[in-house]
Amino acid sequence: MKSLLTRRLMFAGTLAAVLSAAVVCPAQRPVAAHEARCPVCKLDVIQDTDKLDNEVALKFGRKRIEYRCIYCALQDAGTYTGDITILAPSELKGKPVLLTRKEDKWTVQPETTVFVGHKVNHRSCQIGYRALTNRDAFGKWVQAHPELPPDTRPLTFAEMLAVANPPK
């Protein structure tokens with residue numbers, strides 16, 4: 001009986017030590033990447049990197065839904081009634097473009113925003129459907145991505161809405 005009690009105490013002590021080490025030293029545990037599928041195209045949402053944001057997020061009330069690209073977010077925006085905000089990654093890490101719909105009226109911040117809205121294979125939509133804070137950034141983006149057609153031009157927000165053609 002005494003040896004059974006000793007073994008249980010030793011097991012409990014070892015378990016407590018392992019669990020406390022995991023809490024005290026979380027850097028030693030592998031961190032699982034956040035992964036999601038786009039609700040529109042069903043492809044994996046491209047994760048942010050340390051140099052570039054890629055995840056597009058639609059905020060509706062308390063909900064936050066992630067998308068693969070602006071095209072998918074705008075497509076899905078038409079299925080929600082009421083006010084929404086779309087956080088569209090720009091060329092600047094940590095500084096998304098804000099697309100806001102209030103009382104059925106869309107606005108974009110910053111106002112100098114232009115879009116790449118060239119139809120591309122959806123596997124590279126994070127390149128072909130992108131918000132950029134100004135025309136200079138657009139030129140640099142197109143130059144850095146030779147897979148975009150040479151006739152790619154900057155689109156206004158109204159033109160991007162027409163490309164995405166969200167359901168009403």
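Hydrogens, waters and symmetry mates are skipped; everything else that's a heavy atom, side chains included, is used.
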Mind checking what makes side chain to side chain donor-acceptor pair (under 3.5 Å) contact with R135, not counting sequence neighbours? none
Is [X] linked to [Y] within one hydrophobic cluster, defined over Ile, Leu, Val, Met, Phe, Trp and Tyr using a side-chain heavy-atom separation of less than 4.5 Å?
X	Y	result
L98	L155	no
V108	V163	yes
I70	L92	no

How long is the gap from [atom1] on [X] to [atom2] on [Y], to the nearest 0.5 Å?
X	Y	atom1	atom2	value
W106	L161	CH2	CG	6.5 Å
F60	I86	CZ	CD1	12.5 Å
I46	R68	CD1	CZ	3.5 Å
I65	C72	CD1	SG	12.5 Å
L74	M160	CG	CE	6.0 Å
T113	N134	OG1	CG	8.5 Å

Closest non-hydrogen atom pair between [X] and [Y], with its separation:
X	Y	result
V45	C38	CG2-N, 3.8 Å
V56	C69	CG2-C, 3.6 Å
Y67	P39	CE2-CG, 3.4 Å
A164	Y71	CA-CE1, 3.5 Å

Only one of D136, T152, V116, V114 clears side-chain contact (heavy atoms from CB on, under 4.5 Å) with W141; which?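 Testing each of D136, T152, V116, V114 against W141, the sole residue satisfying side-chain contact (heavy atoms from CB on, under 4.5 Å) is V116.
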Does the side-chain contact (heavy atoms from CB on, under 4.5 Å) test come out yes or no for T100 and Q109, once each step is laid out? CA-CA 8 Å; T100 308; Q109 288 296 322; over 6 Å; no
Do [X] and [Y] come within less than 4.5 Å of each other through their side chains, counting heavy atoms only?
X	Y	value
K102	T107	no
S90	D53	no
K140	L132	no
I127	L148	yes
R130	P89	yes
E159	R153	yes

Between [X] and [Y] (side chain of the first, backbone of the second, donor and acceptor by atom type, cut-off under 3.5 Å), is there such a pair?
X	Y	result
E91	T133	yes
N54	Q47	yes
R101	A77	yes
R64	L58	no
D83	E103	yes

Taking R37 first and then D44, would you say they form a salt bridge - that is, a charged N and a carboxylate O separated by under 4.0 Å? yes
Below 6.0 angstrom between ring centroids: does that apply to F115 and Y129? no
Go through the steps for D48 and K93 under the test side-chain contact (heavy atoms from CB on, under 4.5 Å), then give the verdict. CA-CA 9 Å; D48 295 344; K93 176 77 177 163; 3.9 Å; yes
Would you find more than 12 non-hydrogen atoms of other residues, nucleotides or ligands less than 6.0 Å from E111 atom CD?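 Check fails, neighbour count at 12 or below.
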